[in-house]
Amino acid sequence: GCIKSVICQKQKFRKKRTALSHRKAYKGRDYPVNKIDYDVYHLSIQQWGLYLMEAVCACMGINYLFYKSTAVFFFMLPLPFWYIHQRKKQQIRLRKKRLNYQFKDALNAMQVGISAGYSLDNTIREARKDLERLYGEKAEMAREFAYIERQLGHSIPLEELLYDLGIRSRVEDILNFTDVLIQAKKMGGNMRGILNRCISSIEERIQVKKEIDAVLASRKMEQKIMSFIPLGIILYMQITSPEFLSVLYGNPVGICVMTACLLLYTAAFQWGVRLTQIDV
C-alpha cells in the first residue's frame with residue numbers, strides 16, 4: 001500500500017511538472033519548434049534580385065520621362081530600398097490574406113467534424129488533412145495545423161495554440177474564434193452548437209471578403225492601367241514631338257515643374273491604391 005501511494009504521488013508530481021512546463025512555454029511563447037511571425041517577411045535571393053531590378057528600371061524610366069539627367073538618376077538610387085520595403089509589406093498582406101482564406105476552409109472542415117461528433121483534437125487532424133489536400137503541405141495554414149496537432153500531443157490546450165496563432169498572424173477571425181472557444185469551454189452547455197454558429201458567422205465574413213476582392217480585381221486592373229496613361233502620354237510626346245518638351249529639361253525651372261508633376265502623379269497613384277483597398 002505504501003509503495004502504491006508513493007508511485008501515485010510521483011505520477012501526480014510528474015503530471016503537475018509537465019503541465020507547468022507547458023504553461024511556462026506558452027506564456028514565454030517558447031514552443032519547441034520555430035514559429036512564423038506573420039508581420040515579418042524575409043525575401044529570398046530571387047525576390048531581392050527581381051525587386052531590385054524593378055526598382056532600378058523604374059528609376060531609369062522616371063529619369064528619362066521627367067529629368068533626362070545622370071545626376072538626378074544617381075540621386076534617386078536610394079529609392080530602390082524604399083521600393084523593396086513596400087514590396088515586403090505587400091508580401092506580408094498577401095500572406096495574411098492567404099492565411100485568412102485558408103482558415104475559412106479549415107473552419108469548414110472543423111464544422112463537418114464537430115457535426116459528426118468528433119472531438120476537437122480529431123477535428124484538427126481532419127482539418128489538417130483537408131488543408132494539405134487543398135493547398136499542399138507547405139501552405140501556411142496546413143503547416144500551422146500540423147504544428148497544433150503535434151502540440152496537442154504534448155497536452156497543450158487547443159485554445160492556447162489558436163490564440164498564439166492569432167497573436168502571431170494578427171488575423172482578427174482567428175482571434176474571434178479563439179475567444180468563442182474559450183468562452184464555450186468556460187460556460188459549458190451546448191458547445192457544439194455554439195461552435196457551429198461561430199464557425200458559420202466567421203465563414204460568412206471571410207466569404208464576403210473574397211467576394212469584395214473578386215469585385216475589386218477588375219477595378220484594381222483599371223486603376224493600374226489609368227496610372228500608366230500619363231506616363232504613356234509623356235513618352236508619346238517625347239517620341240513624336242521632342243522639341244515640345246525640350247524646354248522642361250536641363251534647366252532649374254523645368255526641373256521644378258517636372259518635380260511638381262511627378263509629386264502630383266505619385267499622390268494620385270497612392271490615392272487610387274487606397275481607394276481599391278477595402279477592409280471588412
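We use all heavy atoms of the structure for the numbers below, so side chains are in, but hydrogens, waters and symmetry mates are not.
Using a 4.5 Å cut-off on side-chain heavy atoms (C-beta onward), Phe66 and Val72 make no contact. Between Gln151 and His154 the shortest side-chain heavy-atom distance falls below 4.5 Å. Residues Glu144 and Arg168 have side chains in contact (heavy-atom distance under 4.5 Å, counting atoms from C-beta outward). Between Met60 and Val56, some side-chain heavy-atom pair lies under the 4.5 Å cut-off. At a threshold of 4.5 Å between non-hydrogen side-chain atoms, the residues Asp130 and Asp105 do not count as touching. Two residues are said to be in side-chain contact when any heavy atoms from C-beta on lie closer than 4.5 Å; Ile167 and Tyr163 meet this criterion. For the pair Tyr83/Gln86, no side-chain contact is recorded, criterion being any heavy-atom separation below 4.5 Å from C-beta on. Counting heavy atoms from C-beta outward, Tyr265 and Leu231 have side chains that approach closer than 4.5 Å.
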* **Residues Asp173, Lys209; criterion side-chain contact (heavy atoms from CB on, under 4.5 Å); working and verdict** => CA-CA 12 Å; Asp173 294 321; Lys209 290 182 181 180; 3.4 Å; yes
* To do: Apply side-chain contact (heavy atoms from CB on, under 4.5 Å) to Tyr135 and Met141, showing your working.
  => CA-CA 9 Å; Tyr135 301 104; Met141 191 56 71; over 6 Å; no
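Annotation: Glu54, atom CD; neighbour count of heavy atoms from other residues, nucleotides and ligands within 6.0 Å is above 12. Environment of OH in Tyr118: sparse, with no more than 12 heavy atoms of neighbouring residues, nucleotides or ligands closer than 6.0 Å. Enclosure of atom CZ in Arg95 by more than 12 non-hydrogen atoms of other residues, nucleotides or ligands within 6.0 angstrom is indicated. Environment of CD1 in Ile45: sparse, with no more than 12 heavy atoms of neighbouring residues, nucleotides or ligands closer than 6.0 Å.
Scanning both residues, Cys198 and Phe177, for their nearest heavy atoms gives SG-CD1, 3.8 Å. Residues Pro80 and Leu52 come closest through the heavy atom pair CB-CD1, 4.0 Å. Summarising the geometry of Lys88 relative to Tyr41, their closest heavy-atom pair is CE-O, 3.2 Å, with the distance given to 0.1 Å. When all heavy atoms of Leu131 and Ala106 are compared, the pair lying nearest together is CD1-CB, 3.9 Å. Here the closest heavy-atom approach between residue Val247 and residue Asn251 is recorded as O-ND2, 2.7 Å. When all heavy atoms of Tyr38 and Lys96 are compared, the closest pair comes out as O-CE, 3.5 Å.
Ser44 pairs by the side chain to side chain contact (heavy atoms under 4.5 Å, CB included) definition with Gln46, Gln47, not counting sequence neighbours. Applying the side chain to side chain contact (heavy atoms under 4.5 Å, CB included) criterion to Asn108, with sequence neighbours excluded, gives Gln111, Val112, Glu203. Applying the salt bridge (charged side-chain N to carboxylate O under 4.0 Å, His left out) rule to Arg98 yields the partners Glu140; only residues at least two apart in sequence or on another chain are considered.
Ion pair Lys129/Glu132 not flagged as a salt bridge, since none of the NZ, NE, NH1 or NH2 atoms sits closer than 4.0 Å to an Asp/Glu carboxylate oxygen. Remark: Asp37 engages Arg170 in a salt bridge, criterion side-chain N to carboxylate O under 4.0 Å.
Rounded to the nearest 0.5 angstrom, Leu161 CG and Phe145 CZ are separated by 10.5 Å. For the atom pair Leu262 CG and Ile255 CD1, the distance stands at 12.5 Å (nearest 0.5 Å). Annotation: the span from Leu50 atom CG to Leu43 atom CG amounts to 10.0 Å, rounded to 0.5 Å. The CD atom of Glu204 sits 10.0 Å away from atom NZ of Lys104, with the distance rounded to the nearest 0.5 Å. Taken from OG1 in Thr259 to OH in Tyr67, the straight-line distance is 3.0 Å, to the nearest 0.5 Å. Here the straight-line distance linking atom OG of Ser169 with atom CD1 of Ile92 works out to 12.5 Å at 0.5 Å rounding.
In terms of modelled atom types and a separation under 3.5 Å, the side chain of Asn63 and the main chain of Ser69 share a donor-acceptor contact. Ser241 places no side-chain N or O within donor-acceptor distance of the main-chain N or O of Met237, the cut-off being under 3.5 Å. Under a 3.5 Å cut-off, the side chain of Gln238 and the backbone N or O of Leu65 do form a donor-acceptor pair.
By the rule that hydrophobic residues join a cluster once side-chain heavy atoms approach within less than 4.5 Å of another member, Leu248 and Tyr64 end up as members of one cluster. Under the 4.5 Å side-chain contact rule for hydrophobic residues, Phe81 and Phe73 do not share a cluster. No single ILVMFWY cluster, assembled from side-chain heavy atoms under 4.5 Å apart, contains both Ile182 and Leu152. In the hydrophobic clustering of this structure, Ile199 groups with Leu134; members are Ile, Leu, Val, Met, Phe, Trp, Tyr whose side-chain heavy atoms approach within less than 4.5 Å, directly or through other members. Linking Ile, Leu, Val, Met, Phe, Trp and Tyr whenever their side-chain heavy atoms come within less than 4.5 Å leaves Leu79 and Met53 in two separate clusters.
Taking the centre and axis of the six-membered ring of Tyr101, the NZ or CZ atom of Lys210 falls inside the cone set by 45° and 6.0 Å.
Partner Glu222 forms a side-chain hydrogen bond (donor to acceptor under 3.5 Å, both in side chains) with one of Arg219, Lys224, Lys220 and no other, that one being Arg219.
Side-chain contact, Gln90 with Arg87: a donor N or O sits under 3.5 Å from an acceptor N or O. Defined by atom type and a distance below 3.5 Å, a donor-acceptor pair is present between the side-chain atoms of Gln223 and Ser227.
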